[in-house]
There are 2 protein chains.
Amino acid sequence: MDETPGLRERKKAATRAALHEAALRLAIDQGVDGMTVEAIADAANVSRRTFSNYFSGKEEAIFHGDTVRLRRMLELVRAQPADEQPWTVLTRAALQLAEETYLGNEEWLSRRRLLRGHPSLAAHQVAAFAVVERELAAELAHRLGGDDVALRARVLAAIFLTTMRVAVQDSTEHPERPLLDVVGAALAAAAPA
Amino acid sequence: MDETPGLRERKKAATRAALHEAALRLAIDQGVDGMTVEAIADAANVSRRTFSNYFSGKEEAIFHGDTVRLRRMLELVRAQPADEQPWTVLTRAALQLAEETYLGNEEWLSRRRLLRGHPSLAAHQVAAFAVVERELAAELAHRLGGDDVALRARVLAAIFLTTMRVAVQDSTEHPERPLLDVVGAALAAAAPA
DNA sequence: ACAAAACTTGCCCAGCAGGCAAGTTTGCCG
DNA sequence: CGGCAAACTTGCCTGCTGGGCAAGTTTTGT
């Protein structure tokens, strides 16, 4: 694979990340409704119009982190052997991701906590998780046999993603419990027959 | 219980229903982006400002039907004996609701099909389903024993709702297969261990 | 009958998404 | 290296949107 995806791509990624960072920071200390898109763009040294080229709204910018992590999760799933049980594959990917996320960014959960409870955010987070649903389902379909593969793959993908979401949400509400623990318990409760 | 919930409440329900109807109809033949909130309000003989008193946006108006059905589902769950297995309770409620919905409104699926594929709608539908998640979790918590009741109840509620959503979405994409059939298969694939 | 509470409406405003076109940066190939 | 094409940024602009406010209307309880 290409080590450097080209200057253009690197710049885009940097801008996107800067906007995400700014959105998160401003949301935390001015409130989601209290901040304007213009403020986010300014904080990232970019025009308001450019913000719109990257995200379709402030909430999308806020949850860009989740989007990235979910794509990473897709990779982790794809990287696993084709002959494993699907739920095993998903569980491994989830636990590894939880570990990476937590190690790479210890303050992650605490920053999230500051955003908790805002009504419209929950809806957007749910949407962020749903975006990868079809891709994950396609990947799982390869790993399933029997009847109704398409439907069963989709159900499995949806269940898994929703479980991850609940685990993360629950984790922000119970800071004392380690993330890995919550993810593990949630996955155990969700495991299909 | 009160047979007539009062004139005021009846009028409100009628207005809400009229707005929902209008939103659905206009969305189908002008496209979701092609219609304005004002047009919906006009079609329901109500001011644009009043629309905002009922719904926070057009998508919410479009999915009001789903919201109503999900509340009905909560009732169906609550009405069942407390000593049943939670997943059995949910399955029964889902199948009964699918039947009611289909019988009461045969054109339901075909109307939905006309809206399929619009990107932003999917997100709002997911959100509509997530709204009742906490209420359903609270109801299920009563019916669970063991450790971690709160988390497990939440996971169960989320899994169930997401499965229903997938069943409905899949159904709009495969019109030839009976709704009950799809719901049944989806629930079977989702049943926890 | 009448007062309080709830609802509707018009008016208003700041914020927002996204089309368009001119200017700038990057990628690519001879 | 030169230079063209594609991609990206920016400013400008427009119509739509959510929601605060206050005046007018309808429903309710007594």
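The figures here come from the full heavy-atom set of this structure, side chains too, leaving out hydrogens, waters and symmetry mates. The sequence lines fix the lettering, A, B, ..., with proteins before strands; numbering per chain opens at 1.
- Listed by residue number, the members of residues 46-54 of chain A with any heavy atom below 4.0 angstrom from DNA chain C are R48(A), R49(A).
- Pairs of residues two or more places apart, or lying in two chains, never qualify as ring-ring contact (aromatic ring centres under 6.0 Å, His included) while including a residue from residues 127-159 of chain A.
- S52(B) meets the side-chain contact (heavy atoms from CB on, under 4.5 Å) test with R49(B); sequence neighbours excluded.
- Remark: E107(B) pairs with N105(B), S110(B), R111(B) by the side-chain contact (heavy atoms from CB on, under 4.5 Å) rule, at least two apart or across chains.
- In summary, the side chains of E60(A) and S56(A) do present a donor paired with an acceptor at a separation below 3.5 Å, with no hydrogens or angles considered.
- When the P atom of dG18(C) is taken as reference, atom CG of D33(B) falls 8 Å away, rounded to whole Å.
- Contacts of D33(B) classified as side chain to side chain donor-acceptor pair (under 3.5 Å), with partners at least two apart in sequence or in another chain: H118(B).
- Residue order along DNA chain D, read from the 5' end via each residue's closest nucleotide, puts G57(B) first among G57(B) and E9(B).
- Nearest heavy atom pair, residue R113(A) against residue T172(A), reads NE-O, 3.1 Å.
- Remark: D66(B) engages R69(B), R112(B) in a side chain to side chain donor-acceptor pair (under 3.5 Å) (not counting sequence neighbours).
- Contacts between residues 11-32 of chain A and DNA chain C, defined by a heavy-atom separation under 4.0 Å, are made by K11(A).
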Sequence neighbours left out, cut at 3.5 Å: what donor-acceptor pairs do the side chains of residues 173-193 of chain A make with other protein atoms?
{"residue": "E173(A)", "atom": "OE1", "partner": "R154(B)", "partner atom": "NH1", "Å": "3.3"}
{"residue": "E173(A)", "atom": "OE2", "partner": "R134(B)", "partner atom": "NH2", "Å": "3.0"}
{"residue": "H174(A)", "atom": "ND1", "partner": "D170(A)", "partner atom": "O", "Å": "3.2"}
{"residue": "H174(A)", "atom": "ND1", "partner": "D170(A)", "partner atom": "OD2", "Å": "3.2"}
{"residue": "R177(A)", "atom": "NE", "partner": "D181(A)", "partner atom": "OD2", "Å": "3.1"}
{"residue": "R177(A)", "atom": "NH1", "partner": "D148(B)", "partner atom": "OD1", "Å": "3.0"}
{"residue": "R177(A)", "atom": "NH2", "partner": "D148(B)", "partner atom": "OD2", "Å": "3.1"}

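- If you measure from atom NZ of K58(B) to atom C1' of dC16(C), you get 13 Å, rounded to the nearest angstrom.
- For the helix from dA1(C)-dT30(D) to dG30(C)-dC1(D), the terminal axes (five pairs an end, C1' atoms, rotation from four pairs onto the next four) enclose an angle of 40°, given to 10 degrees.
- When all heavy atoms of A27(A) and I62(A) are compared, the closest pair comes out as CB-CD1, 3.9 Å.
- The shortest heavy-atom contact between K58(B) and V32(B) is NZ-O, 3.2 Å.
- Side-chain contact check for R92(A) and Q96(A): no donor-acceptor pair (N or O, by modelled atom type) lies under 3.5 Å.
- Partners of E59(A) by side chain to side chain donor-acceptor pair (under 3.5 Å), not counting sequence neighbours: none found.
- Per the geometry, CZ belonging to R8(B) stands 15 Å off P belonging to dT25(D), to the nearest Å.
- Near DNA chain C, meaning a heavy atom under 4.0 Å away, the residues from residues 36-44 of chain A are T36(A), V37(A).
- The side chain to side chain donor-acceptor pair (under 3.5 Å) test applied to Q30(A) returns no partner, not counting sequence neighbours.
- A straight line from CE of M35(A) to C1' of dC16(C) spans 13 Å, rounded to a whole angstrom.
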